Amino acid sequence: MCGRYVLNATPEQLQKAFDLDNVPRLEPRYNIAPTQPVPIITDASPKELTLVQWGLVPSWSKDPSIGGRMFNARAETAAEKPSFRNAFKRRRCLIPATGFYEWRKEGKTKKPQYIHMKDNSIFAFAGLWEVWTDPEGGELWSCTILTGEPNDLIEPLHNRMAVILEQGDYDTWLDQDAPTEALTEVLQPYPSEEMAYYEVATTVNSYRNEGAELIEPLNPPEQQSLL
DNA sequence: CCAGACGTTGTT
DNA sequence: GTCTGG
DNA sequence: CCAGACGTTGTT
DNA sequence: GTCTGG
């Protein structure tokens, strides 16, 4: 699954990876947490970044705070669930990232692991987005990250993993006319061979902490083999 | 008919 | 223990 | 995801 | 908004 991630790409990387028209200046982020604003690429405006809250608020919600617990949606069921099905049909998005964290349970303690592409390239989570309107007419835009089966790399860490899209599947995912079969086709576990992970300090546990040091390897000697 | 939920993860 | 907030 | 709160009344 | 449960 995915409850904390990293986006420290340059504007050039973002522009190139997603073929954007223009890219706003973005601070590098090493500790993005649910409820925070995140840049996404929507099917409605695929040539630009859109800032939305991470944590999908269904349009019919009475209380938008529900979004705080809607930061993931199961890929297997999102097309049917009342909270997600409309978004699954018409409001899909790419959520750019350069890495994410998983907390591995070791006895009583949880140790954060930083997972990334071996070549440190930028990638995209498969996401859904939604608009919620408050009684005064103000709009809250939000998104969620789909989860699916883990690949062989992540399987020892967790029984779920965020869905990462192949670059060649971006267009399909954002195509509002794509048939359901084509969509489920692209929601496969990302190839293990292209990914790696290592343990990091528990500093990342608090969302208040931020900075490049959060993705520094802990215990570099014994972790080298994993890189 | 109306009331109440609508979600995921992980753990038991 | 469980909910809320970031 | 983890961290942190978890409550009310009345007064400023 | 729409489905489920009573």
Side-chain angles (χ1 to χ4, degrees), chain A residues 1-7 27 29-40 51-92 95 97-116 125-135 137 139-151 154-164 187 189 197-211 213-215 218:
Chain A
M1 71 164 306
C2 183
R4 213 69 78 79
Y5 73 94
V6 172
L7 177 60
E27 288 298 315
R29 292 294 315 278
Y30 296 90
N31 202 355
I32 301 173
T35 73
Q36 295 180 349
V38 295
I40 67 173
L51 268 191
V52 307
Q53 167 188 290
W54 182 18
L56 188 145
V57 181
S59 61
W60 40 259
S61 291
K62 292 191 178 74
D63 181 1
S65 64
I66 186 71
R69 278 162 290 166
M70 302 283 207
F71 54 88
N72 287 149
R74 293 177 66 90
E76 300 91 332
T77 57
E80 288 85 38
K81 294 288 182 183
S83 294
F84 301 126
R85 57 191 170 194
N86 291 334
F88 192 93
K89 225 179 285 176
R90 303 174 205 296
R91 286 178 293 277
R92 295 184 294 274
I95 303 178
T98 47
F100 60 99
Y101 302 99
E102 290 287 1
W103 278 261
R104 169 163 60 188
K105 274 218 171 75
E106 287 181 22
K108 282 188 167 184
T109 62
K110 291 179 176 180
K111 298 184 170 180
Q113 316 289 319
Y114 179 60
I115 301 145
H116 58 99
F125 295 123
L128 309 175
W129 65 282
E130 188 55 271
V131 181
W132 178 82
T133 308
D134 69 34
E139 289 188 345
L140 172 63
W141 292 43
S142 59
C143 72
T144 190
I145 295 175
L146 296 186
T147 64
E149 294 288 312
N151 61 23
I154 303 302
E155 198 275 329
L157 293 182
H158 234 75
N159 62 346
R160 301 291 291 173
M161 180 177 115
V163 176
I164 297 170
L187 299 177
Y197 72 85
Y198 52 81
E199 187 170 337
V200 294
T202 54
T203 319
V204 71
N205 288 13
S206 174
Y207 65 87
R208 278 186 276 249
N209 295 323
E210 181 56 85
E213 66 272 18
L214 297 183
I215 61 170
L218 193 71

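Lettering of chains follows the sequences in order, A, B, ..., and the numbering in each one begins at 1. In this text the structure is predicted, and so the values were computed from the model without any measurement.
Heavy atoms of A/Ser61 sit nowhere under 4.0 angstrom from any nucleic acid atom.
Proximity of residues 74-83 of chain A to DNA chain B (heavy atom under 4.0 angstrom from any strand atom) is restricted to A/Arg74, A/Thr77, A/Lys81, A/Pro82, A/Ser83.
Applying the ring pair (Phe, Tyr, Trp, His ring centres under 6.0 Å) criterion to A/Trp141, with sequence neighbours excluded, gives A/Trp129. By the side chain to side chain donor-acceptor pair (under 3.5 Å) test, A/Glu149 pairs with no residue at all, sequence neighbours left out. In this view, A/Phe125 and A/Tyr5, A/Phe100, A/Phe123 satisfy the ring pair (Phe, Tyr, Trp, His ring centres under 6.0 Å) rule, not counting sequence neighbours. Remark: A/Thr147 pairs with A/Arg160 by the side chain to side chain donor-acceptor pair (under 3.5 Å) rule, at least two apart or across chains. For the ring pair (Phe, Tyr, Trp, His ring centres under 6.0 Å) test, no residue two or more places apart in sequence or in another chain qualifies with A/Phe84. A/Glu213 is linked by a side chain to side chain donor-acceptor pair (under 3.5 Å) to nothing, counting only residues two or more places apart in sequence or in another chain. Remark: A/Lys89 engages no residue in a side chain to side chain donor-acceptor pair (under 3.5 Å) (not counting sequence neighbours). For A/Glu102, there are no salt bridge (charged side-chain N to carboxylate O under 4.0 Å, His left out) partners two or more places apart in sequence or in a different chain.
A 4.5 Å side-chain heavy-atom check between A/Glu210 and A/Glu27 finds every atom pair outside the cut-off.
For residues 51-65 of chain A, the set of pairs meeting the side chain to side chain donor-acceptor pair (under 3.5 Å) definition, not counting sequence neighbours, comprises A/Asp63-A/Ser65.
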Intra- and inter-strand pairs of DNA chain B in dot-bracket (Watson-Crick or G-U wobble, both distances under 3.5 Å; | for another strand): ||||||......

B/S/- contact track for nucleotides 1-6 of chain C, protein heavy atom under 4.0 Å: ---S-B

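Whole-Å rounding puts the A/Tyr5 OH to D/dC2 P distance at 17 Å.
Taking the P atom of each, D/dT9 and B/dC2 are spaced 35 Å apart, rounded to whole Å.
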